[in-house]
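Below is one structure; the comments refer to it alone.
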Amino acid sequence: MSSVFSRLLVSLLCSITLAHAHSTAQFHLQTALVPLNLPTEDYAACGQVAPLNPSESQRSRININLDVLYGGDSFKLRTFEALGGAIRIPTESYDDLAPVGQDDRWDIFALLHEYLEGTFPLVTTIESLLKEDFQPSRTFVFAFGFDEEASGLEGAGHLAVYLKSRYGINSFAALLDEGGGFGKLYGGNVLFAGPSTGEKGYLDVRLEVSTPGGHSSVPPAHTGIGILASAIVAIESQSHDASLARSGTVFQMLQCAAAHGPDITTTLRSLIEKAASDDQALIELSDALVKMGPKFAALVGTTQAVDLVSGGVKVNALPERVETVINHRIAEHSSVSEVQKHITDVILPVARKFNLTLVSFGTNVTIGSEGAGHIILSKAWGTSLEPAPMTPISSSKPYDILAGTIKAALKSSTIYNSTAVVVSPSLAIGNTDTQFYWNLTKHIFRYSHSTDDGRYNQAHTVNEALKGEALIDKIRFHTKFILNWDESTS
């Protein structure tokens, strides 16, 4: 075993949120389609690896046996019932949960623990592998969080502390968490799988306006609510600049789209290729993405959304304190401090216009007229998150193992029919539990091996549900991932 893999080697982090309010499980078996025909060429841009299956005799035997097992109705029905039973336990997440031990809403998880112990008596997660006498040659850690939808502090937050103390900094070879999936993103009959190798940062800013109260029959020219409205208009009229870096995840993703996306227009393909060495083309490409709509603009810049507003207590009383909260998803090339400076610069003219004192993140920026009031900028809940470190993909053995495993899992699937599969890095614009594990490994992959076609309804909605065959494909992928990583020590 090489020194780089001499300690704890693979961490599979599967954040479990087994039930959302009012959700029920639904399953659907689909008929088999023609197997995939996968490319093995290595391209100049967005290089691809071949499908990867274990080759050592014991692991290969296990892989083949389990592929057969997973295709049988008996296994499928047991799997569906196992998940359905877990979902029936209302382990719901709430934004205002107090720490474990201080909030009885956590107590329901004791029932989930009992259910998992009874359903999976060998270990809470790799039963089929163990029944095949799988004896790993390296260490695998399965870390199951339970509050990812409510910050992850009680689950991954504590797990990460333990793992760091037990194994040390940078002691893991790779980490797999939930994240991107696959689909025919660029038309044609080509599947693009997009493990997220980058993740945007996060900051909620509270903007509070405090002004003197009084009877509304003798109002000032601008009430606190009016001043707040002016501040919101200023914020929304001065969005963050978009920027595309060649070293960033989004540029890597675009290179893959240009190299392999069937429906990428000739003009866009040419611009992406030119942007690899032409600075003006890089700027034009960034501008083009912004013009394509919010979904694409979110990839190349920090987004801001005024999501909460409150103020006023009575119709005949002047509001003395009003506030709004602005949600920011911070671009890879930016930072929390840069966002704080941007909003401070935007609000400073508003404070001066109304002669208010501006306090920005604990610092007095300007002093207004005595008694006129304040504008206070702060972290809404005292927390923030920098953009994640980028996961290396060039000449990266961990990335190649993941990419090869994805292709092998899709090739062995019975429900996906395509002429090719391309694995491309992607950027997570939402946030995951991986923020707690940054110091354990630089090889962090956010990938769920799922597709929109594999579910009923959307995420976080009533009757969110996974199709049965899609669930089996997830199991098939994770099995191959474990076996391939285990063999990588040979």
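Any value given below was found using the heavy atoms of this structure, including those in side chains, with hydrogens, waters and symmetry copies removed. Keep in mind the model is a prediction, meaning the values are calculated, not measured.
- Note that Lys379 lies outside the cation-pi zone of Phe361, set by a 6.0 Å cut-off to the ring centre and a 45° limit from the axis.
- Side-chain N or O atoms of His342 include none that pairs as donor or acceptor with a backbone N or O of Glu338 at under 3.5 Å.
- Side-chain contact of Arg138 with Ser488: a donor-acceptor pair under 3.5 Å is present, judged by distance alone.
- The two residues Phe146 and Ser93 have their closest heavy-atom pair at O-OG, 4.3 Å.
- Remark: side-chain polar atoms of Thr357 are not paired, donor with acceptor, to backbone N or O of His374 under 3.5 angstrom.
- At distances below 3.5 Å, at least one donor-acceptor pair connects side-chain atoms of Glu487 with backbone N or O atoms of Glu56.
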- Would Asn484 and Thr405 count as a side chain to side chain donor-acceptor pair (under 3.5 Å) if you check the C-alpha gap in whole Å, the side-chain angles of each, and the deciding distance to 0.1 Å? CA-CA 7 Å; Asn484 282 333; Thr405 301; 2.9 Å; yes

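- Of the possible polar contacts, one joining the Glu199 side chain to the Thr432 backbone as a donor-acceptor pair under 3.5 Å is found.
- Looking at heavy atoms from C-beta onward, Leu356 lies out of side-chain contact with Val350 at the 4.5 angstrom threshold.
- Judged by distance alone, with hydrogens and angles left aside, the side-chain atoms of Thr249 form no donor-acceptor pair with the main-chain N or O of Ser426 at under 3.5 Å.
- Using the six-membered ring where Trp is involved, Phe142 and Phe144 have ring planes that are parallel, under 30° apart on the 30 and 60° scheme.
- Residues Asn170 and Lys442 fail the side-chain proximity criterion, which asks for heavy atoms closer than 4.5 Å.
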- Message: Could you walk me through whether Ser378 and Glu208 satisfy the side chain to side chain donor-acceptor pair (under 3.5 Å) test, starting with their C-alpha distance in whole Å, then the side-chain angles of each, then the deciding distance to 0.1 Å, before giving a yes or no?
- Response: CA-CA 8 Å; Ser378 64; Glu208 177 185 333; over 6 Å; no

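- In Asp96, the CG atom is crowded: over 12 heavy atoms of neighbouring residues, nucleotides or ligands sit closer than 6.0 Å.
- Without hydrogens or angle criteria, Ser360 side chain to Thr363 main chain gives no donor-acceptor distance under 3.5 Å.
- Side chain of Thr441 to main chain of Phe172: a donor-acceptor pair is present (N/O by atom type, distance under 3.5 Å, no hydrogens or angles).
- Arg269 contributes no side-chain N or O that, together with a main-chain N or O of Asp263, makes up a donor-acceptor pair within less than 3.5 Å.
- With Thr451 contributing its side chain and Gly454 its backbone, the two residues share no donor-acceptor pair below 3.5 Å.
- The ring of His328 has its center no closer than 6.0 angstrom to the ring center of Tyr202.
- The two residues Phe182 and Ala193 have their closest heavy-atom pair at CB-CA, 3.7 Å.
- Using the six-membered ring where Trp is involved, Tyr399 and Phe445 have ring planes that are tilted, between 30° and 60° apart.
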- Step-by-step salt bridge (charged side-chain N to carboxylate O under 4.0 Å, His left out) determination, Lys341 to Asp345: CA-CA 6 Å; Lys341 182 180 184 304; Asp345 292 343; 2.8 Å; yes

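- Not a single donor-acceptor pair under 3.5 Å links the side chain of Ser286 to the backbone N or O of Ile283.
- Ring orientation note: the planes of Tyr447 and Phe477 are nearly perpendicular, at an angle over 60° on the 30°/60° scale.
- Side-chain contact check for Leu299 versus Met253: some heavy-atom pair is nearer than 4.5 Å.
- Annotation: side chain of Ile330 is not in contact with side chain of Lys200 (no heavy-atom distance under 4.5 Å).
- Between Tyr186 and Phe192, a ring centre-to-centre spacing shorter than 6.0 Å is recorded.
- Within the 4.5 Å cutoff, no side-chain heavy atoms of Glu464 are placed close to those of Gln458.
- Within the 4.5 Å cutoff, no side-chain heavy atoms of Leu191 are placed close to those of Val422.
- Between Arg455 and Asn457, the side chains place no donor N or O within less than 3.5 Å of an acceptor N or O (distance only, hydrogens not considered).
- With contacts defined as side-chain heavy-atom distances shorter than 4.5 Å, the pair Cys256/Pro425 qualifies.
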- Message: For a salt bridge (charged side-chain N to carboxylate O under 4.0 Å, His left out) check, start with the C-alpha distance between Lys467 and Asp453, then their side-chain angles and the critical distance, and finish with the verdict.
- Response: CA-CA 9 Å; Lys467 293 180 181 178; Asp453 292 339; over 6 Å; no

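- Looking at heavy atoms from C-beta onward, Lys397 lies out of side-chain contact with His443 at the 4.5 angstrom threshold.
- Between Arg246 and Asp279, at least one side-chain nitrogen of the basic residue sits less than 4.0 Å from a carboxylate oxygen of the acidic one, meeting the salt-bridge criterion.
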